[in-house]
Asks: 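Have a look at the structure that comes next, please.
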Amino acid sequence: MTEIHSPRGPKTHEPTAGQTVGPFFAYGTEYDRMHQVAFPHSPGSVVLGGRVFDGAGAPVPDAMIEIWSRDADGAIPRARGAFRRDDHTFTGFGRAFSDDDGTWEFWTRNPGTLDGSAAFYAVIVYARGLPDKLHTRVYLPDDEAALAADPLLSSLETDERATLVATRQPDGSLQHDFRLQGDNETVFLQFAPGGEDARGER
């Protein structure tokens with residue numbers, strides 16, 4: 001082995017952490033009622049919420065969560081202007097930040113499907129400490145047969161599958177947590193440009 005000696009002598013600085021995508025500042029990413037994909041308390045609206053945790057189980061503040069879904073009838077939203085909030089147009093897209101407790105929340109609708117397949121929200125998580133954004137899904141828990149037949153879920157172990165299925169609360173809302181590392185780490189998906197993405201589209 002050849003030993004290389006630097007003319008400047010040994011390094012005197014400790015290695016630094018790699019560049020990450022967070023923490024995020026609201027400037028340039030927030031817009032009016034961005035977490036209201038559906039108008040609150042309108043017919044068919046539902047709350048989808050949860051928390052973000054790091055590998056040590058601590059809540060992650062200022063994580064940015066983006067969701068996209070089909071409408072309740074399974075139709076793909078085609079309305080122009082995903083950032084528009086006119087209280088009636090459903091664009092399917094929303095963005096929210098976690099607070100100091102790692103809590104995030106959306107007003108949206110239960111996504112539907114046209115072929116009886118398992119319904120889900122496509123999700124992207126951005127958070128401090130991550131080298132890149134993370135893609136995942138949040139499935140509705142209501143149709144066990146559809147969940148059992150889903151190609152992605154059926155390819156996972158039981159504990160992995162549980163990280164992608166939300167819990168329906170007595171009031172009809174959906175609860176789901178994202179765990180970035182460690183025990184019960186959320187299953188994250190590789191985004192393949194030109195292939196099937198987290199939304200299940202090409």
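Just the heavy atoms: all of them, side chains too, but no hydrogens, waters or symmetry mates, feed the values below. Everything quoted here is computed from the prediction, not taken from an experiment.
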Asks: Ignoring hydrogens, what is the shortest heavy-atom contact between Gly74 and Leu114? Give both atom names and the distance.
Replies: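 Taking Gly74 first and Leu114 second, the nearest heavy atoms are O-CG, 3.7 Å.
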Asks: Which atom names give the shortest non-hydrogen contact between Ala127 and Leu180, and what distance separates them?
Replies: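 For Ala127 and Leu180, the tightest heavy-atom pair comes out as CB-CD1, 3.9 Å.
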Asks: Could you walk me through whether Thr186 and Leu134 pass the side-chain contact (heavy atoms from CB on, under 4.5 Å) test, one step at a time?
Replies: CA-CA 10 Å; Thr186 299; Leu134 298 173; over 6 Å; no
Asks: Show your working on ring pair (Phe, Tyr, Trp, His ring centres under 6.0 Å) between His176 and Phe178 and close with a plain yes or no.
Replies: CA-CA 7 Å; His176 192 75; Phe178 300 115; 5.5 Å; yes
Asks: Is there a donor-acceptor pair closer than 3.5 Å between any side-chain N or O of Thr89 and the backbone N or O of Asp86?
Replies: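 Between the backbone of Asp86 and the side chain of Thr89 there is no qualifying donor-acceptor contact (under 3.5 Å).
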Asks: Once rounded to the nearest 0.5 Å, what's the spacing between atom NE2 of His35 and atom CD of Glu30?
Replies: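 Reported value, rounded in 0.5 Å steps: 11.0 Å.
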Asks: Between Pro141 and Ala166, which heavy-atom pair has the shortest distance, and what is it?
Replies: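 Nearest heavy atoms, Pro141 then Ala166: CB-O, 3.1 Å.
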Asks: Measure the shortest side-chain to side-chain distance between Leu156 and Leu164 over non-hydrogen atoms and say whether it is less than 4.5 angstrom.
Replies: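 The answer is yes, as the side chains (C-beta and beyond) meet within the 4.5 Å cut-off.
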Asks: Is Val37 reachable from Val47 through a run of hydrophobic residues whose side-chain heavy atoms are each under 4.5 Å from the next?
Replies: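 In one cluster: no.
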Asks: Would you say that Thr91 contacts Arg85 through its side chain, given a criterion of any heavy-atom pair below 4.5 Å between the two side chains?
Replies: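 SC-SC contact between Thr91 and Arg85 confirmed.
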Asks: Show your reasoning for whether side-chain contact (heavy atoms from CB on, under 4.5 Å) applies to Arg137 and Leu189.
Replies: CA-CA 8 Å; Arg137 292 178 177 181; Leu189 309 173; 4.0 Å; yes
Asks: First locate atom CZ of Phe53, then atom CG of Asp101, and finally report the distance between them rounded to the nearest 0.5 Å.
Replies: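 Between Phe53 CZ and Asp101 CG, I get 9.0 Å after rounding to 0.5 Å.
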Asks: Could you tell me if the side chain of Val138 sits less than 4.5 Å from the side chain of Leu174, heavy atoms only?
Replies: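 No, every pair of side-chain atoms sits at 4.5 Å or beyond.
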Asks: Could you grab the distance from atom CZ of Arg161 to atom CG of Leu147, nearest 0.5 Å is fine?
Replies: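 If we round to the nearest 0.5 Å, Arg161:CZ and Leu147:CG are 5.5 Å apart.
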Asks: Between Thr163 (side chain only) and Asn184 (backbone N and O only), is there a donor and an acceptor less than 3.5 Å apart?
Replies: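 Between the backbone of Asn184 and the side chain of Thr163 there is no qualifying donor-acceptor contact (under 3.5 Å).
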Asks: Minimum heavy-atom separation for Phe120 to Ala122, with atom names?
Replies: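 Residues Phe120 and Ala122, closest heavy atoms: CD1-N, 3.9 Å.
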Asks: At what distance, to the nearest 0.5 angstrom, does CG of Asp99 lie from CG of Asp62?
Replies: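 Going from CG on Asp99 over to CG on Asp62, the span is 10.5 Å.
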Asks: Would His135 and Val123 satisfy side-chain contact (heavy atoms from CB on, under 4.5 Å), going step by step from the backbone distance to the final call?
Replies: CA-CA 6 Å; His135 293 260; Val123 179; over 6 Å; no
Asks: Does the side chain of Pro59 reach to within under 4.5 Å of the side chain of Val52, using non-hydrogen atoms?
Replies: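 Pro59 does not reach Val52 side chain to side chain.
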Asks: Give, for atom CZ of Phe106 and atom OG of Ser45, the distance between the pair rounded to the nearest 0.5 Å.
Replies: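 One finds 15.0 Å between CZ of Phe106 and OG of Ser45.
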Asks: May I ask you to say whether Asp87 pairs ionically with Arg33, meaning some side-chain N is under 4.0 Å from a carboxylate O?
Replies: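 So Asp87 pairs with Arg33 through a salt bridge.
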Asks: By side chain to side chain contact (heavy atoms under 4.5 Å, CB included), which residues pair with Pro77, not counting sequence neighbours?
Replies: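 Listed in chain order: Trp68, Phe90.
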Asks: Specify whether Tyr31 and Phe93 have parallel, tilted or perpendicular ring planes, treating 30° as the upper limit for parallel and 60° as the lower limit for perpendicular.
Replies: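 Because their plane-to-plane angle is under 30°, the rings of Tyr31 and Phe93 count as parallel.
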Asks: What pairs of residues pass the side-chain hydrogen bond (donor to acceptor under 3.5 Å, both in side chains) test when at least one of them lies in residues 103-114, not counting sequence neighbours?
Replies: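 Every pair satisfying side-chain hydrogen bond (donor to acceptor under 3.5 Å, both in side chains) with a residue in residues 103-114: Asp71-Arg109, Asn110-Arg168.
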Asks: Can you tell me how far the CD atom of Glu66 sits from the CE atom of Met34, to the nearest 0.5 Å?
Replies: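 Separation between the atoms: 9.5 Å.
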Asks: If I compare all heavy atoms of Ala146 with all of Gly116, which pair ends up nearest, and what's the gap?
Replies: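 Closest pair (atom of Ala146, atom of Gly116, distance): CB-O, 3.6 Å.
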Asks: Would you call Arg179 and Glu185 a salt bridge, using N to O less than 4.0 angstrom?
Replies: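 No salt bridge links Arg179 with Glu185.
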Asks: Taking only residues two or more places apart in sequence or in another chain, which ones pass side chain to side chain contact (heavy atoms under 4.5 Å, CB included) with Gln169?
Replies: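 With sequence neighbours excluded, Gln169 shows a side chain to side chain contact (heavy atoms under 4.5 Å, CB included) to Thr167, Asp171, Ser173, Gln175, given in chain and number order.
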Asks: Any side-chain heavy atom of Phe97 within less than 4.5 Å of one from Thr29?
Replies: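 Contact flag for Phe97/Thr29 side chains = yes.
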Asks: With a 6.0 Å cut-off (strictly less than), is the heavy-atom count around CG of Asp100, excluding the residue itself, greater than 12?
Replies: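 Open: at most 12 neighbouring heavy atoms sit under 6.0 Å from CG of Asp100.
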Asks: Minimum heavy-atom separation for Asp73 and Ala75, please, with both atom names.
Replies: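 Between these two residues, the closest heavy atoms are OD1-N, 3.0 Å.
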